[in-house]
Amino acid sequence: MGLKGKDTKSLPGLHERIWKTVRRIPNGRVATYGQVARVAGLRSHARLVGYALHSLPPGFPVPWHRVINAKGRISLPVRSRHRQLQRKLLEAEGVKFTRDRIDLEEFGWNA
DNA sequence: CTGGTGACCATTA
DNA sequence: TTAATGGCCACCA
């Protein structure tokens with residue numbers, strides 16, 4: 001019954017769906033791209049989550065920084081400012097990094 | 001239509 | 001532990 005990956009064509013506003021889901025991640029917690037995709041009902045669209053966040057209008061009320069990759073790391077380019085900003089925002093919420101990694105067992109969102 | 005791209009992921013070596 | 005690989009598919013030029 002549910003969406004099995006291919007019938008996403010008829011779904012309108014995939015980006016909105018994704019943003020909406022990201023808005024549900026609690027303060028001080030993180031979710032992976034794949035997890036966001038699953039919760040949004042878009043199984044095989046982990047990459048689209050990254051794309052959707054990338055194309056997020058500046059100042060749009062979505063906690064994009066709470067989304068990281070499956071390894072528990074920030075996916076943004078090492079050199080970019082956004083990467084530093086993301087880490088800063090997370091640490092300000094109490095998320096701890098061990099080297100460059102976040103313990104998903106401890107800070108992962110229980111959706 | 002076609003082909004390239006990517007803020008991904010699970011598996012394998 | 002990291003690195004490579006194949007799959008994934010909406011988006012864009």
Restricting to nitrogen or oxygen on both sides, can you table the protein-nucleotides 9-13 of chain B pairs closer than 3.5 Å?
{"residue": "B/dC9", "atom": "OP1", "partner": "A/Y33", "partner atom": "N", "Å": "3.3"}
{"residue": "B/dC9", "atom": "OP1", "partner": "A/G34", "partner atom": "N", "Å": "2.8"}
{"residue": "B/dC9", "atom": "OP2", "partner": "A/A70", "partner atom": "N", "Å": "2.8"}

task = Would you kindly give the CD-to-P distance between A/E16 and C/dC11, to the nearest whole Å?
result = 12 Å
ask   = Does a side-chain heavy-atom distance below 4.5 Å link A/P77 with A/R83?
value = no
request  = Rounded to the nearest angstrom, tell me the gap between atom CZ in A/R43 and atom C1' in B/dC8.
outcome  = 16 Å
ask   = Ignoring hydrogens and geometry, is there a side-chain-to-backbone donor-acceptor pair from A/Q35 to A/W109 under 3.5 Å?
value = yes
remark   = Within residues 47-55 of chain A, those residues having any heavy atom closer than 4.0 Å to DNA chain C are A/R47, A/L48, A/Y51
key: Donor-acceptor pair, side chain of A/R29 and main chain of A/G108, under 3.5 angstrom   = yes
message = Apply side-chain contact (heavy atoms from CB on, under 4.5 Å) to residues A/E91 and A/R87 and explain how you reach the verdict.
response = CA-CA 6 Å; A/E91 290 180 324; A/R87 174 157 182 162; 3.1 Å; yes
ask   = By a strict heavy-atom criterion of less than 4.0 Å, which residues belonging to residues 87-110 of chain A are in contact with DNA chain C?
value = A/R101
request  = Whole angstrom is fine here: how far is it from CG in A/L76 over to P in B/dG6?
outcome  = 14 Å
ask   = Is A/R66 reaching over with its side chain to a backbone N or O of A/I25, donor-acceptor style, under 3.5 angstrom?
value = yes
inquiry  = Pair A/I74, A/D100 - check side-chain contact (heavy atoms from CB on, under 4.5 Å), show working.
reply    = CA-CA 8 Å; A/I74 291 174; A/D100 278 6; over 6 Å; no
query = For A/F107, which of A/L90, A/I68, A/I102 qualifies under side-chain contact (heavy atoms from CB on, under 4.5 Å)?
reply = A/I102
request  = To the nearest 0.5 angstrom, please state how far the NZ atom of A/K88 sits from the NE2 atom of A/H82.
outcome  = 14.5 Å
task = Examine A/R47 relative to A/Y33 and say whether NZ or CZ is less than 6.0 Å from the centre of the six-membered ring and inside a 45° cone about the ring axis.
result = no
query = Is there a side-chain polar atom (N or O) of A/H45 under 4.0 Å from OP1 or OP2 of C/dA10?
reply = yes
query = Atom CG in A/L76, atom CD in A/Q84: separation rounded to 0.5 Å?
reply = 11.0 Å
